[in-house]
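Let me begin by presenting the structure, written as structure tokens, before commenting on it.
Numbered from 1 within each chain, the chains take letters A, B, ... in sequence-line order.
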Amino acid sequence: MSYAIETQELQYRAGRTFELGPLNLHVPAGAIYGFLGPNGSGKTTTIRLCLGLLRAERGGVRVLGHDVPSQAPAMFARVGYVPERSHLYPNLTVREALALHGAFHRRWDHQAAAELLGTFQLQGDTRIGRLSKGENGKLLMLLALAQRPDLLVLDEPTDGLDPVVRRDVLMALIDFVSESGATVFISSHLVHELERICDWVGVMDRGRLVAEVPMHSFKNGIKRLRVRNAPAQAGDPPFVLLARERGDGASGTEVWVVRGWQATMRQYFEGIGAVLQDVVDLDLEEGFVELLRTARVPRGS
Amino acid sequence: MFAAICRIQWKASALGVALLATLAFIIPLLTVQQAGFSAGDRRGWDLIVMLSAVETAGTLFPILAVILGLTLSVGAWSADHQAEHVYALTLPVPRWHYVLLRFGAGLLLIAPVVAAVGLGCAVALGSFDLPAGLRSYGGAITLRFALAAAVSYAATFALAAGTKRTTAAVVGVLTAVIVLALVLEAFGVSTAVAEGIMNAIFTRPGPFEVLVGPWSLIGV
């Protein structure tokens, strides 16, 4: 498998309190990779490290085959970046920002830019400093899409946008990806949003990558099981036991959160003398919450 | 690329450049008027007083050049500082290339003000007949102004390119050394440090030598 973004033992420290890594991130080429994590987990820092905007203490980054930061200019010719906060010059008008961006990108698509300007209902003569948050978000997405990148790196692109604008931005993104087959690396803490569009997911927590799996495996693999009469020692289960908690009431029922569950694994419970009462599918958000919870608490505590 | 950078830099500095170009045009006119060269009655001319007035008025040229350099360098970097340089760093050009584009665009914007100086000199010097024995230096002043503005722009551009901390450190160290030298001299300890620094900067072959010395539009 070839990777659009690949980090090796990437490490970074900001002050005394925040440490990131060692991080081994693998974003498959052509994937829409959702980069999940709570606020302050290190998503933006990771993105900035991947783009050479921050210098890592240790480790390496390759983006589209380019070593970062040494080959960052060549990399940026093929990467569209939407940062968390607008990085555009506030004294320029929308039209001037398009002209400036287009002048630096050889693959700039004037027609696509004009179409997106209409789709997003942006006024060319408006100064960027006067744009609303939603309009700024749309302009950033427009600039990133019209440069026809091979990789889009989107850092919380819809954060703080109203539902209508969010839908517009995501629709434009999906249209572009379906046309071009580009790789998308999109960070968000809005789990439901990523669930709809991503085929890979990576989860950050406290500067560590706690999971990196295909979306279907993430969604299907994490289950909540209701188990009765389970012994104190679970033995060697065929799945990953993420959490084990006492259920409601005094019936001796427990709730197990597991990863890697398959229907054939029911036999395991017969083997340990327990009764599997129920298997509950978790949606991405529940799975995400369970994953973070179990990543933070030592198993069995 | 260069045209795009020029356009945005022009937008950031246009007002300042227009104002300074107007002043640049007016200074030569004021110089000959203040010195009395454009007066109709020449019988009471005192050439020494008049040339002294020309020289005094000429000090406005280096001041204008420094202000121009400062205006253009602030215009070159203010937008990038506001955007924390993220936009510039995500453009597909090496950093040195981007800095050169910014520097070149600012250098180009010196041209209208230099042209205004040249035009002002030409109009001012064409408004009267130069007395015998005197020579005009309109071309030399214009060229020197261009050099002074470029030097001033280059220095302030380099300072403005850094972070606030870097700029403060450079200015702070220079100021501290000079203040320390002055304090020591006030206590009777002769160091000649301040004088040495000033000499290194402002006398030949110092980088700012072009700014000092007489800027006489008319001389012998």
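Residue B:A3 does not touch chain A at all, counting heavy-atom pairs closer than 4.5 Å. Only the side chain of A:L53 comes within less than 4.5 Å of a heavy atom of chain B; its backbone N, CA, C and O stay farther away. Within the 4.5 angstrom heavy-atom criterion, atoms from both the backbone and the side chain of A:T93 approach chain B. Of the two parts of A:A77, the backbone and the side chain both hold a non-hydrogen atom closer than 4.5 Å to a non-hydrogen atom of chain B.
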TODO: Please assess A:F76 against B:L91 for the test side chain to side chain contact (heavy atoms under 4.5 Å, CB included), listing each intermediate value before the final yes or no.
DONE: CA-CA 6 Å; A:F76 275 118; B:L91 290 172; over 6 Å; no
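The environment of A:R107 atom CZ is dense: over 12 non-hydrogen atoms of other residues, nucleotides or ligands sit within 6.0 angstrom. Within 6.0 Å of atom CG in B:L15, 12 or fewer heavy atoms from other residues, nucleotides or ligands are found, so the atom counts as exposed in its surroundings. Counting heavy-atom neighbours within 6.0 Å of A:Q123 CD, excluding the residue itself, gives a total of 12 or less.
At a threshold of 4.5 Å between non-hydrogen side-chain atoms, the residues B:L101 and A:F104 count as touching. A 4.5 Å side-chain heavy-atom check between A:P73 and B:P92 finds every atom pair outside the cut-off. You'll find the side chain of B:I5 reaches within 4.5 Å of the side chain of A:L100, heavy atoms only.
Here NE2 of A:H87 is found 4.0 Å from OG1 of B:T90. Values are rounded to the nearest 0.5 Å.
Of the listed residues A:R48, A:E96, A:R78, the one with more heavy-atom pairs under 4.5 angstrom with chain B than any other is A:E96. Here B:K11 is the residue among B:R95, B:K11, B:E84, B:R7 with the most heavy-atom pairs under 4.5 Å with chain A.
The minimum heavy-atom distance between B:A83 and A:L88, with the atom names listed, is CB-O, 4.3 Å. When all heavy atoms are compared, the tightest approach of B:Q82 to A:P90 is NE2-CG, 3.7 Å.
Using bins of under 30°, 30° to 60° and over 60° for the plane-to-plane angle, the ring pair A:H101/B:Y87 lands in the tilted bin.
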